[in-house]
Amino acid sequence: MYTYRISINHQFKHLWVIFYYVLVIVSGALYFSHSRYGFIDYGKIIPISLVTILIFLIPQLILHINYYRRNKGDIFFYDPAGQRVTINRKGESASFSFSDIELIKRFKSYPLADNRMQWFPWDNYNYSIIRLKNGQEFIITSLLVPNMDLPINSSRIKLKKRFYPIIQDM
């Protein structure tokens, strides 16, 4: 039995990329300023770096908050031997077997879906909508379950590629 919940570790795995982007942007600005002008012009570097960082940071923060709010407090139990999933959400519990699943829609960025190098900090975010035969639907984000690859028939999995995989209200 595997138990998943939003944790600091899951959140850090999504957010660490922004630190990399900050390092690359600031280092690049310092390098180009020094190579072009022979000195570091902080009056130009700071605003350009700040705007560039915000262009990448704001969309990622919006996506992170969107995912966090969707699965905050949820617990996902996965039993591979019994082929069952149990989802606890706000004190209510739903349990179902793999045979109860009608369809899983997986929403991934293009690089993540194609297993390519990721270009944007939000490329590792993804979510799935599990639709049961009785009509119930559950949204599982990568903050809750980092890799939602249940071993079910591929005909019941539909992959949707997105540039920016934000959850639209259903």
Side-chain angles (χ1 to χ4, degrees), residues 1-22 53-170:
M1 174 81 78
Y2 297 93
T3 303
Y4 298 95
R5 57 178 44 101
I6 294 179
S7 67
I8 298 297
N9 188 31
H10 286 176
Q11 292 188 70
F12 183 75
K13 285 181 181 178
H14 284 77
L15 291 174
W16 78 269
V17 178
I18 202 65
F19 299 115
Y20 173 76
Y21 274 79
V22 168
I53 289 167
L54 290 176
I55 287 171
F56 288 102
L57 179 64
I58 290 173
Q60 182 178 6
L61 286 178
I62 290 170
L63 196 60
H64 193 89
I65 291 167
N66 178 259
Y67 280 31
Y68 183 82
R69 290 180 64 189
R70 181 62 66 165
N71 285 143
K72 178 184 173 188
D74 293 359
I75 304 172
F76 184 92
F77 300 99
Y78 167 51
D79 178 12
Q83 294 192 331
R84 293 199 66 77
V85 170
T86 302
I87 300 172
N88 287 342
R89 179 175 177 106
K90 297 180 182 171
E92 296 183 18
S93 182
S95 185
F96 52 89
S97 69
F98 291 175
S99 62
D100 295 331
I101 298 173
E102 180 182 326
L103 180 69
I104 296 179
K105 289 184 189 176
R106 306 267 342 255
F107 294 84
K108 294 183 175 185
S109 66
Y110 288 97
L112 186 63
D114 297 336
N115 201 20
R116 293 184 286 130
M117 184 176 85
Q118 298 176 8
W119 287 93
F120 297 102
W122 56 83
D123 280 343
N124 61 338
Y125 286 79
N126 65 90
Y127 70 97
S128 299
I129 300 175
I130 301 173
R131 184 184 320 140
L132 302 181
K133 292 176 181 174
N134 67 8
Q136 281 185 293
E137 289 188 343
F138 301 96
I139 296 177
I140 308 299
T141 67
S142 56
L143 285 182
L144 180 62
V145 180
N147 189 10
M148 241 294 283
D149 287 330
L150 294 176
I152 66 169
N153 189 325
S154 62
S155 65
R156 294 190 287 161
I157 299 172
K158 187 174 186 179
L159 178 62
K160 301 236 181 210
K161 298 178 187 180
R162 301 280 189 263
F163 171 73
Y164 185 70
I166 195 161
I167 300 170
Q168 303 294 327
D169 284 328
M170 297 175 54

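Atom CD1 of Ile65 is separated from atom CG of Leu143 by 11.0 Å, given to the nearest 0.5 angstrom. Separating the CD1 atom in Ile6 from the CD atom in Gln11 is a distance of 6.5 Å, to the nearest 0.5 Å. In this structure, Glu92 CD and Arg89 CZ are separated by 9.5 Å, a value rounded to the nearest 0.5 Å. Distance check, rounded to the nearest 0.5 Å: CD1 of Ile140 to CG of Asn126 gives 11.5 Å. A distance of 5.5 Å separates CD1 in Ile167 from CD1 in Ile139, rounded to the nearest 0.5 Å. Here Ile152 contributes atom CD1 and Ile157 contributes atom CD1; the two are 4.5 Å apart, rounded to the nearest 0.5 Å.
Using a 4.5 Å heavy-atom threshold, the side chains of Trp122 and Pro165 count as touching. Side-chain contact between Phe96 and Ile87: present, with at least one pair of heavy atoms (C-beta onward) separated by less than 4.5 Å. Using a 4.5 Å cut-off on side-chain heavy atoms (C-beta onward), Ser142 and Asn124 make no contact. Between Asp79 and Val85, the closest side-chain pair of non-hydrogen atoms is not below 4.5 Å. When side chains are defined from C-beta on, Leu112 does not count as touching Asp123, because their heavy atoms never get closer than 4.5 Å. No side-chain heavy atom of Ser93 sits under 4.5 Å from any side-chain heavy atom of Phe77. Between Ser97 and Gln83, the closest side-chain pair of non-hydrogen atoms is not below 4.5 Å.
Here the closest heavy-atom approach between residue Gln168 and residue Arg70 is recorded as O-NH2, 4.4 Å. Smallest separation of non-hydrogen atoms from Leu144 and Tyr4: O-CB, 3.3 Å.
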Evaluation steps, side chain to side chain contact (heavy atoms under 4.5 Å, CB included), between Phe138 and Leu132: CA-CA 9 Å; Phe138 301 96; Leu132 302 181; 3.7 Å; yes
Verdict with reasoning, Asp114 to Lys161, per side chain to side chain contact (heavy atoms under 4.5 Å, CB included): CA-CA 9 Å; Asp114 297 336; Lys161 298 178 187 180; 2.7 Å; yes
Candidate pair Asp100 and Lys133, rule salt bridge (Lys or Arg N to Asp or Glu O under 4.0 Å), full reasoning: CA-CA 6 Å; Asp100 295 331; Lys133 292 176 181 174; over 6 Å; no
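Residue Arg116 places its CZ atom among more than 12 non-hydrogen atoms of other residues, nucleotides or ligands, all under 6.0 Å distant. For Asn115, the CG atom sits in a loose shell: 12 or fewer heavy atoms of surrounding residues, nucleotides or ligands are nearer than 6.0 Å.
Side-chain atoms of Arg156 come within 3.5 Å of backbone N or O of Ile101 as a donor-acceptor pair. Looking at Gln60, its side chain does come within 3.5 Å of a backbone N or O of His14 through a donor-acceptor pair. At least one donor-acceptor pair closer than 3.5 Å links the side chain of Asn71 to the backbone N or O of Thr141. In this structure, Asn88 contributes its side chain and Ile75 its backbone to no donor-acceptor pair below 3.5 Å. With hydrogens and angles disregarded, a donor-acceptor distance shorter than 3.5 Å links the side chain of Arg106 to the backbone of Met148.
Classified by interplanar angle (parallel below 30°, tilted 30° to 60°, perpendicular above 60°), the ring pair Phe98/Tyr78 is parallel. In this structure, Phe107 and Tyr127 have parallel ring planes: the angle between them is below the 30° cut-off, well short of the 60° mark.
Using modelled atom types, one finds no donor on one side chain facing an acceptor on the other under 3.5 Å when comparing Ser7 with Asn9.
For an aromatic pair to be called close, the ring centres must be under 6.0 Å apart, and Tyr164 with Phe120 fails this.
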